[in-house]
Protein chains: 2
Amino acid sequence: MGNLALEPLDRPEGMTTHEYAHRRLRQAIMVGSIRPGESLTIRGIAEAMESSPTPVREALRRLSSEGALRVLDNRRIMVPRMTADRFSELVSLRSVLEQHAARRAVPHITERRIDRLEEIDRAQDEAIARKDNANALLLNQEFHRTLYTANPEQVIMPMVESIWLQLGPFLGIAMEHVAQLYFVDRHQEAIAALRKRDEDAVASAIKADISEGIGGFEHAAIENLLRLAGQ
Amino acid sequence: MGNLALEPLDRPEGMTTHEYAHRRLRQAIMVGSIRPGESLTIRGIAEAMESSPTPVREALRRLSSEGALRVLDNRRIMVPRMTADRFSELVSLRSVLEQHAARRAVPHITERRIDRLEEIDRAQDEAIARKDNANALLLNQEFHRTLYTANPEQVIMPMVESIWLQLGPFLGIAMEHVAQLYFVDRHQEAIAALRKRDEDAVASAIKADISEGIGGFEHAAIENLLRLAGQ
DNA sequence: ATTTTGAAAATGTGATCACAAAAATAATTA
DNA sequence: TAATTATTTTTGTGATCACATTTTCAAAAT
């Protein structure tokens with residue numbers, strides 16, 4: 001049942017078992033440490049985290065509703081396989097979604113939050129420098145999340161995270177076959193635009209960040225990568 | 001625990017209990033037959049559909065991951081309350097999302113499917129004529145769903161449905177206080193644009209359909225409606 | 001050697017139970 | 001009468017069990 005070991009993740013007091021299972025599986029999927037096609041068994045996971053089938057099933061159901069997992073006809077649960085076409089759908093949707101999220105965040109952004117974004121970006125650069133891909137990925141997500149959640153009534157975040165969840169497993173594969181994942185980012189450009197409260201410029205920085213980041217994989221490159229990984 | 005009675009919904013052979021519970025609750029929420037603020041109890045629902053807590057809990061968890069339900073700190077589960085600001089977030093996101101979905105569907109649309117769209121639109125007009133709001137709503141959703149799922153690799157549909165789920169309870173309130181809900185739609189315009197495979201025109205028809213439909217509620221009108229409904 | 005058959009193990013599903021926390025109700029006090 | 005306390009009921013949670021289906025693996029047959 002895969003290395004959902006990752007890091008056991010601290011479990012805050014009062015957090016329910018199914019919540020913990022959900023968070024742990026979610027993070028494992030999002031940073032690509034569970035391979036597509038790998039099938040997950042309820043009992044296996046339950047045993048791995050020393051609990052029982054009931055809460056694990058609830059966690060798996062939630063993840064399937066979030067698009068992170070897929071239930072087959074035989075009721076087996078697995079991480080969906082990636083295809084070049086699906087990848088392209090995911091990336092184009094991500095671009096539209098996050099541009100919109102960024103625009104709607106601008107009117108609510110504070111200087112304090114922009115400072116926080118700079119910190120996160122710095123931390124991400126450090127993670128990249130020490131080739132710590134998993135943490136760089138996590139910090140990149142935190143950068144985007146911190147931007148979008150500036151909007152207090154925002155309802156888009158769960159959808160953005162759903163996209164991340166669906167792209168995660170592919171990133172896991174990519175990281176095994178490509179040395180550097182995020183050589184460039186457009187975060188500085190986004191920050192500059194935010195300081196000016198320039199919605200268009202922010203949206204365009206986000207668009208570029210995505211299209212030059214994960215969106216940079218071309219159709220043929222993806223098929224090669226998937227073949228290489230035995231998908 | 002509310003009239004999730006609605007219609008008991010036929011239960012296809014082989015459908016699991018939690019799946020059935022999920023579908024039934026989902027539909028009840030989507031057509032607005034469960035009021036915001038109304039709290040749902042696991043045992044209550046289980047009893048109402050003659051099953052047990054386990055599968056009902058799974059259904060509720062899925063719905064909470066889909067944005068349809070909210071778990072409070074006391075672990076109570078309820079339909080989220082609407083606010084004017086949240087409503088505006090939902091509608092603007094819906095517009096962006098569905099325009100994108102429509103654009104990506106155009107290259108895959110077939111004449112047969114366009115014919116099907118015309119049928120659905122006709123059926124919806126009939127439902128409107130006989131003031132059958134719930135079915136008109138369902139048929140409107142089927143129209144949009146049929147369009148977007150023309151794209152076989154589409155990953156956007158769960159997100160669109162999540163928006164519908166979040167708007168559903170408000171529609172239920174609106175239906176109690178407003179006579180006609182969908183006096184106009186832009187479906188014919190969308191169909192004409194589809195016949196010409198004109199992406200821009202299709203997107204613009206969908207945009208208008210949303211902004212003139214549910215998007216037509218103005219900030220003040222929403223606050224009035226919510227106050228009227230005792231929210 | 002490949003396929004088919006049969007037994008054993010693994011797995012998903014849902015009902016039930018025990019426990020703790022929360023809510024509702026009744027009893028008591030100010 | 002209103003507020004507070006105590007008791008009862010309701011509710012969410014998670015472990016366990018039984019059952020049916022599926023998968024796995026070994027033996028037998030073609």
Side-chain angles (χ1 to χ4, degrees), chain A residues 1-2 4 8-26 29 34-66 68-81, chain B residues 1-2 4 8-26 29 34-66 68-81:
Chain A
M1 105 291 5
L4 64 133
L9 272 176
D10 62 323
R11 177 172 178 175
E13 170 141 16
M15 174 178 257
T16 61
T17 307
H18 88 262
E19 235 174 320
Y20 176 70
H22 178 252
R23 258 196 46 178
R24 199 162 142 188
L25 285 166
R26 185 184 170 87
I29 294 169
I34 302 185
R35 300 188 69 93
E38 185 167 348
S39 82
L40 305 173
T41 70
I42 295 171
R43 282 177 169 90
I45 296 167
E47 198 178 336
M49 37 201 199
E50 297 176 321
S51 66
S52 72
T54 313
V56 170
R57 249 201 348 260
E58 293 171 30
L60 294 178
R61 299 262 184 258
R62 289 189 55 184
L63 288 165
S64 80
S65 270
E66 290 163 20
L69 297 176
R70 214 179 147 69
V71 285
L72 278 54
D73 294 333
N74 33 342
R75 295 177 177 175
R76 276 284 141 85
I77 295 172
M78 68 168 219
V79 175
R81 285 217 156 73
Chain B
M1 102 293 5
L4 66 133
L9 271 177
D10 62 323
R11 179 171 177 175
E13 170 141 14
M15 174 178 257
T16 61
T17 306
H18 88 263
E19 232 175 324
Y20 176 71
H22 178 252
R23 255 195 49 176
R24 200 162 142 188
L25 286 166
R26 185 183 169 88
I29 295 168
I34 303 185
R35 301 189 69 90
E38 186 167 347
S39 81
L40 305 173
T41 69
I42 296 172
R43 283 176 168 91
I45 296 168
E47 198 178 338
M49 36 201 202
E50 298 177 320
S51 65
S52 72
T54 314
V56 170
R57 251 206 342 265
E58 293 171 30
L60 293 178
R61 298 262 185 258
R62 289 189 53 182
L63 287 165
S64 80
S65 270
E66 290 163 21
L69 296 176
R70 213 178 148 69
V71 284
L72 278 54
D73 294 332
N74 35 344
R75 294 179 179 174
R76 275 285 143 81
I77 296 172
M78 68 168 217
V79 175
R81 284 218 158 74

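Keep in mind it's a predicted model, so treat the numbers as computed, not measured. Throughout, protein chains are lettered first and strands after them, A, B, ... in sequence-line order, and every chain is numbered starting at 1.
- The shortest distance between the side-chain N/O atoms of B:His18 and the OP1/OP2 oxygens of C:dT13 is not below 4.0 Å.
- Here the C1' atom of nucleotide C:dA21 and the CD atom of A:Glu13 are 14 Å apart, to the nearest Å.
- Rounded to whole angstrom, the span from the NE2 atom of B:His22 across to the P atom of C:dT13 amounts to 14 Å.
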Would you list the protein and nucleotides 18-23 of chain D atom pairs, both N or O, that sit under 3.5 Å from each other?
unit_1	atom_1	unit_2	atom_2	d
D:dT23	OP1	A:Asn74	ND2	2.8

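- The nearest pair of heavy atoms linking B:Arg57 to A:Thr54 is NH2-CG2, 3.3 Å.
- Inspection of the A:Arg11 and A:Thr17 side chains reveals an N or O donor paired with an N or O acceptor under 3.5 Å.
- As rounded to whole Å, 13 Å separates atom C1' of C:dA22 from atom CG of B:Asp73.
- Closest non-hydrogen pair, A:Ala46 versus A:Pro53, comes out as CB-N, 3.9 Å.
- Residues of residues 50-59 of chain B having a heavy atom closer than 4.0 Å to DNA chain C, listed by number: B:Ser51, B:Ser52, B:Pro53, B:Thr54, B:Pro55.
- Out of C:dT11, C:dT13, D:dG14, the shortest distance to the side chain of A:Thr17 is found at D:dG14.
- Note: CG (B:Leu72) to C1' (C:dA21) measures 15 Å, nearest angstrom.
- Distance, B:Ile45 CD1 to D:dT11 C1': 12 Å, rounded to whole Å.
- In this structure, a donor-acceptor pair under 3.5 Å is present between the side chains of A:Glu66 and A:His22.
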